[in-house]
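Take a look at the structure set out below.
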Amino acid sequence: QVQLVESGGGLVQAGGSLRLSCAASGRTFSSYPMGWFRQAPGKERAFVAAISWSGGRTYYADSVKGRFTISRDNAKNTVYLQMNSLKPEDTAVYYCAAKGGTLVATETRQYDYWGQGTQVTVSS
């Protein structure tokens with residue numbers, strides 16, 4: 001079992017930055033590929049970014065490529081999402097997730113553990 005707790009959300013103006021953190025506890029964090037997803041009001045949860053267990057491979061949704069960076073610190077059992085050049089359309093609840101196995105994934109159904117989410121609001 002893995003427990004995930006997100007933090008770092010908040011209200012920011014368009015063009016600003018935020019860094020989200022996801023602290024993990026439970027089973028060995030360093031063996032899990034991790035992902036960030038987001039859900040805006042009235043929309044389905046959508047893939048944002050993912051990272052391999054070693055941090056050597058990263059994947060991004062086209063909508064955030066070049067603006068967001070996912071990273072992890074296995075010594076601290078934490079994964080991060082650095083968000084720059086934020087836009088109002090980035091407003092959503094952001095969730096981190098962990099999955100078993102070794103393959104990185106981009107679909108919600110492929111993840112086994114989820115955090116409770118953190119709200120990000122970008123004002124225009």
Side-chain angles (χ1 to χ4, degrees):
Q1 192 75 8
V2 175
Q3 292 80 43
L4 304 171
V5 179
E6 302 96 336
S7 62
L11 174 64
V12 64
Q13 289 188 333
S17 299
L18 282 174
R19 188 175 82 155
L20 305 184
S21 299
C22 174
S25 61
R27 298 182 65 183
T28 306
F29 168 78
S30 61
S31 66
Y32 285 85
M34 300 291 294
W36 284 97
F37 293 77
R38 66 187 181 186
Q39 188 165 19
K43 295 187 177 181
E44 293 187 352
R45 195 169 297 188
F47 170 72
V48 174
I51 190 166
S52 61
W53 66 270
S54 68
R57 287 175 291 156
T58 56
Y59 300 85
Y60 297 93
D62 288 343
S63 59
V64 307
K65 204 170 292 184
R67 300 188 297 122
F68 290 11
T69 303
I70 187 172
S71 61
R72 66 190 297 162
D73 185 337
N74 287 341
K76 295 183 178 179
N77 284 4
T78 302
V79 63
Y80 304 97
L81 185 68
Q82 178 67 44
M83 306 186 295
N84 299 328
S85 302
L86 282 161
K87 304 175 182 180
E89 51 263 44
D90 294 318
T91 295
V93 177
Y94 283 70
Y95 299 89
C96 74
K99 66 177 293 292
T102 59
L103 297 178
V104 181
T106 62
E107 298 184 26
T108 57
R109 62 181 177 84
Q110 295 172 295
Y111 283 80
D112 303 299
Y113 306 102
W114 293 84
Q116 83 291 347
T118 186
Q119 176 71 46
V120 172
T121 303
V122 184
S123 64
S124 56

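Side chains included, hydrogens not; waters and symmetry mates left out as well; all remaining heavy atoms used.
Linking ILVMFWY residues whenever their side-chain heavy atoms come closer than 4.5 Å, directly or via other members, places Ile51 and Tyr60 in the same cluster. Put simply, Leu81 and Tyr113 are part of the same group of oily side chains (I, L, V, M, F, W, Y) that touch within less than 4.5 Å, one to the next. In terms of hydrophobic clustering, with Ile, Leu, Val, Met, Phe, Trp and Tyr side chains grouped at heavy-atom distances under 4.5 Å, Val122 and Phe37 are assigned to different clusters. Using a 4.5 Å cut-off between side-chain heavy atoms of Ile, Leu, Val, Met, Phe, Trp and Tyr, with links allowed through other members, Leu86 and Tyr95 fall into different hydrophobic clusters. In the hydrophobic cluster analysis, where Ile, Leu, Val, Met, Phe, Trp and Tyr join through side-chain heavy atoms closer than 4.5 angstrom, Val93 is grouped apart from Met34.
The OH atom of Tyr111 sits 6.5 Å away from the NZ atom of Lys99 when rounded to the nearest 0.5 Å. Taking CG of Leu103 as the reference point, atom CD of Gln110 lies at 9.0 Å (rounded to 0.5 Å). Atom CD of Gln13 is separated from atom OG of Ser124 by 9.5 Å, given to the nearest 0.5 angstrom. Note that the CG atom of Leu4 and the OG1 atom of Thr78 stand 10.5 Å from one another [nearest 0.5 Å]. The line from SG of Cys96 to CZ of Arg72 is 10.5 Å long, rounded to the nearest 0.5 Å. One finds the CZ atom of Phe68 at 7.5 Å from the OG atom of Ser63 (value rounded to the nearest 0.5 Å).
Of all heavy-atom pairs between Val48 and Tyr94, the closest is CG2-CE2, 4.3 Å. Here the shortest heavy-atom pairing between Thr91 and Ala40 reads O-CB, 3.8 Å. When all heavy atoms are compared, the tightest approach of Gly9 to Leu20 is N-CD2, 3.6 Å.
The side chain to side chain contact (heavy atoms under 4.5 Å, CB included) test with Leu18 singles out one residue from Thr121, Val120, Thr118, and that residue is Val120.
Residues Asp90 and Met83 are not in side-chain contact: their nearest non-hydrogen atoms beyond the backbone lie 4.5 Å or more apart. Contact check for Trp36 versus Glu6: side-chain heavy atoms found under the 4.5 Å cut-off. In this structure, the side chains of Gln119 and Leu11 stay at 4.5 Å or more apart for every pair of heavy atoms.
Within the 3.5 Å criterion, the main-chain N or O of Trp53 finds a donor-acceptor partner in the side chain of Asn74. Arg67 contributes a side-chain N or O that, together with a main-chain N or O of Ser85, makes up a donor-acceptor pair within less than 3.5 Å.
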Note to self: Before you tell me yes or no, could you show the steps for Val64 and Arg38 under side-chain contact (heavy atoms from CB on, under 4.5 Å), namely the whole-Å CA-CA distance, both residues' side-chain angles and the distance that decides it to 0.1 Å?
What the structure shows: CA-CA 12 Å; Val64 307; Arg38 66 187 181 186; 4.0 Å; yes

Item checked: Check against salt bridge (charged side-chain N to carboxylate O under 4.0 Å, His left out), Lys65 and Asp62 -> CA-CA 5 Å; Lys65 204 170 292 184; Asp62 288 343; 3.1 Å; yes

